[in-house]
Amino acid sequence: MRSVRKCSRTGCGSPAVATLTYAYAESTAVVGPLATYSEPHSYDLCEEHALRLTVPRGWEVVRHDGEFAAPEPTVDDLTALAEAVREAGRPDRPIEPPPEPAPGTSTTGRRGHLRVLPNPVAE
């Protein structure tokens, strides 16, 4: 299932509704609707930051005409969520037994990364 993408601006936790891409050769910043996939050389922006974007002197901003809207969940997203819930709730789901302790070690019954080891010095 797709998670909600957040605005790339530091300190902003709002959901992203637009994608910012730079065309360095043309000294242009392009702000358009949210891209389907997050790309490494683009930035997701919330509506406030998409509308307030400024660029350096000599650069141009090409901005999407119209409103920016958060993407609606798709049928695929809802189906994936339903399948995950159904799988987690299956009563016949196999449960993996815990791994056996290594020879010469004892466990305290607690689950975790620490184990009790016998004292290597015999008294």
Side-chain angles (χ1 to χ4, degrees):
M1 187 174 95
R2 173 180 65 207
S3 62
V4 176
R5 288 164 35 196
K6 301 287 184 187
C7 182
S8 297
R9 295 289 302 261
T10 303
C12 183
S14 300
V17 296
T19 297
L20 166 65
T21 307
Y22 291 107
Y24 293 99
E26 290 83 26
S27 300
T28 303
V30 180
V31 180
L34 188 63
T36 307
Y37 300 101
S38 181
E39 297 290 332
H41 300 290
S42 63
Y43 303 91
D44 295 336
L45 298 175
C46 65
E47 185 172 18
E48 178 183 356
H49 289 122
L51 296 174
R52 291 186 357 184
L53 177 78
T54 59
V55 294
R57 188 173 306 180
W59 279 60
E60 182 181 354
V61 176
V62 176
R63 204 178 307 264
H64 168 69
D65 288 336
E67 295 183 13
F68 293 108
E72 295 294 322
T74 65
V75 173
D76 292 339
D77 291 337
L78 297 176
T79 302
L81 177 60
E83 289 295 327
V85 169
R86 191 174 299 122
E87 181 67 23
R90 275 187 29 211
D92 62 337
R93 187 176 73 170
I95 298 174
E96 297 179 19
E100 292 292 322
T105 63
S106 63
T107 61
T108 61
R110 294 170 48 192
R111 300 179 107 181
H113 67 282
L114 300 177
R115 290 183 282 171
V116 176
L117 300 175
N119 189 351
V121 178
E123 294 181 11

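In this chain, numbering begins with 1 at the start of the sequence shown. The structure presented is a predicted model; accordingly, all values stated were derived computationally and were not measured.
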Listed pairs under 3.5 Å, donor-acceptor, residues 8-15 side chains, sequence neighbours left out:
from	atom 1	to	atom 2	distance (Å)
Ser8	OG	Asp44	N	3.0
Ser8	OG	Asp44	O	3.1

Scan the side chains in residues 16-35 for donor-acceptor partners under 3.5 Å anywhere in the protein, sequence neighbours excluded, and list what turns up.
from	atom 1	to	atom 2	distance (Å)
Thr19	OG1	Ala35	N	2.8
Thr28	OG1	Glu26	O	2.9

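In the hydrophobic clustering of this structure, Leu53 does not group with Val62; members are Ile, Leu, Val, Met, Phe, Trp, Tyr whose side-chain heavy atoms approach within less than 4.5 Å, directly or through other members.
Residues that satisfy the side chain to side chain contact (heavy atoms under 4.5 Å, CB included) test with Arg52, not counting sequence neighbours, are Glu48, His49.
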